[in-house]
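Take a look at the structure below.
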Amino acid sequence: MKTDRDTATRLLTQMMQIRQFEDKIMELLAKNIAEGGSHLYAGMEAVAVGAISVLRNDDYITSTHRGHGHAIAKDGDLNALMAEILGKKTGVCKGKGGSLHLADVSKGNLGANGIVAGSLGIATGAGLSVKNRKSGQVIVCFFGDGATNNGIFFECLNMASLWKLPVVYVCENNLYGMSVSVERACAVQDLTKKAVAFDMKSDCVDGQDVLAVRDTVAKWVDYARNGEGPSFIVANTYRYYGHSRSDPRAYRTREEEKFWRERDPIKIFSNRMVEQAILSAEDVKEVEESVTKSIEEAVDFAMKSPFPEPEELYTDLYA
Amino acid sequence: MREITYRQALNEALKEEMERDSSVFLLGEDIAIYGGAYGVTVDLWKKYGDARVLDTPISENAIVGVGLGAALTGMRPVAEIMYIDFIGLCMEQLNNQVAKIRYMFGGKCKVPFTLRTEGGAGRTLGAHHSQSLESWLMHIPGIKVVMPSTPSDAKGLLKSSIREDNPVVFIEHKMLYNIKGEVPEGEYTVPIGVADIKRTGKDVTVLTYSRMYHFCMEAAGILEKEGIDIEVVDLRTLLPLDMETILKSVRKTNRVIIVEEDCKTGGTGAEIGMKITEEAFDWLDAPVVRVAGADVPMPKSPVLEKLAIPDTKRICDAARKILNK
Ligand SMILES: Cc1ncc(C[n+]2csc(CCOP(=O)(O)OP(=O)(O)O)c2C)c(N)n1
Ligand SMILES: [Mg+2]
């Protein structure tokens, strides 16, 4: 796929939005302005941004407990997302969901999930619905390496393959599920092999390279849209922050962290765009500054927003 | 007496039981290198290694199933399910296999299996990390359900649970790990199935457990200044219930308030209140009152989360009301 100036700007903007959004949340957590903790997507931006960039607006995604990046990339409203994380009335879920449950069904984001592997059923069911309705939509289902050890993962992959559902399963392999490495948790290290048991097509991609993610996911989205069935993509990536704010990260080395930080998806992409003269260094700087402004606005909006009224406790339970 | 935290007390119980009995081993997510999501198993892996402190994949149903298999065949496993909210993922193994196997096999096997987990609201983690699901478990004959409120009970009850030849679901509370309390040095246990009258009083019996116990004690202090003297009974074990202690208190005060964090409908109070009605109706001067959680999924927003669970004020109001004061 060729990258024009507009596309490059869009990809860079989204990745920077996610990075700065997450850095800001970390700051708000440290100041106790944000409560309850959040799983941050910093370091993994290229996966969500690259994958979602090839979708139609009416395509669906399902997300994870690490869901801010997916939500932003699926056309999320920064103000409403930030407000949601602070539990405010103006949040995208009226302050009822929070970080772990960011969702915007109107934009095809079927939600983050507090349960690891909890959205595999939703994605697979959405695939069944799309197939029955013949709507031509595609579902991208994000989940982590850790999620591939949960029963529902196997049950869903089997169904999707059996029924040829238009679902692209994107495994974000960041080497750890909380503190447990893939090495200590998975009997098979090459996670693409997990698709073999279901005779499902699989692929592997450098998750720090947004263009590579884009190309790979585009191929399998087309495959799904053509009615050929599901696929399983492993995107190799890394999360910069600990699992939670108090995580001493004893299960990984500082050298490993350094190695991955040198493969920063934003740096890789912006350098390449400048080298290829698709963007200028000034363009990159401009994007960064405008993103900083929009994140500041989002924080300001969220902080000034009121909390939900007490009556809200009992609303929204049933339709 | 020395004071330690609820977390440290639990850690000591695990360590002591592992020392005492080589068939005791731990399994669960992030319990080894990480020391548990809430730090209960900290340092145990360093001491005992993978053979006895086992990090598992994120496979809750299998954690419980594997625990059962090990328990049936000579081991004494202590499994950890990180949040009680994930219990749904292993309910098949827990409800159909763990709880029923001894009975189905005509009593010809034992299941010395402890399943530790933690629950409750308070950290604004939203609907998947804040639930109180103990009433689901109370509905399963064949398991025991323990919910300690203080460090000393936590330690003594965990030791008893590990030594118990029946499956025990041991539910901690995420807001209690840092509380400190007196814990005796050296060996002791607290029996399963025995409630503890932690504050004697003559006007109202307040039945409670886990974090709500602390709210009730706060309420007791406020009410005392108004001349209301409540008796706070910490149930400690929900299954089997210590009806003897409960009924003795009811016959003394003739009024009962049940304070529970879980959703009111079909909650623990429903069962406890009904049992009291069945067994001590004639002793009651007023209908049994429940102060309970709202019948909604736990909302994220800190203001709504506070409203969704009982607080000291609601407990005080209930006491005043039941006494017409
Ligand atoms: C069913 C379930 N088990 C355990 C947890 C606790 N938990 C939250 S995130 C996490 C690790 C998930 O690892 P992975 O799927 O690799 O995603 P990552 O966090 O690395 O993005 C765990 C164990 C949970 N939320 N749900
Ligand atoms: Mg992972």
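Naming: A, B, ... by sequence-line order, numbering from 1 per chain.
Stacking of A/K89 on the aromatic ring of A/F307 is not recorded, the 6.0 Å distance cut-off and the 45° axial limit not both being met.
Note: B/H128 and A/H101 have perpendicular aromatic rings, judged against thresholds of 30 and 60 degrees for the angle between ring planes.
Heavy atoms closer than 4.5 Å to chain B are found in the side chain of A/V116, but not in its backbone. The part of A/L86 that comes within reach of chain B is its backbone (N, CA, C, O), which places non-hydrogen atoms under 4.5 angstrom from that chain. Proximity to chain A (any heavy atom under 4.5 Å) is shown, for B/N61, by neither the backbone nor the side chain. Contact annotation for B/A37: both backbone and side-chain heavy atoms come within less than 4.5 Å of a heavy atom of chain A. For A/D247, the parts sitting under 4.5 Å from any heavy atom of chain B are the backbone and the side chain alike.
Side chain to side chain, A/Y238 and A/R252 meet the donor-acceptor criterion of an N or O pair below 3.5 Å.
The most heavy-atom pairs under 4.5 Å with chain A, out of B/D50, B/L304, B/L307, come from B/L304. Contacts with chain A were tallied for B/E60, B/E29, B/E305, B/H129; B/H129 has the most, counting heavy-atom pairs under 4.5 Å.
Remark: aromatic rings of B/Y177 and B/Y38 are close, center separation under 6.0 Å. Annotation: A/H68 is not in aromatic contact with A/Y41 [ring centroid separation under 6.0 Å not met].
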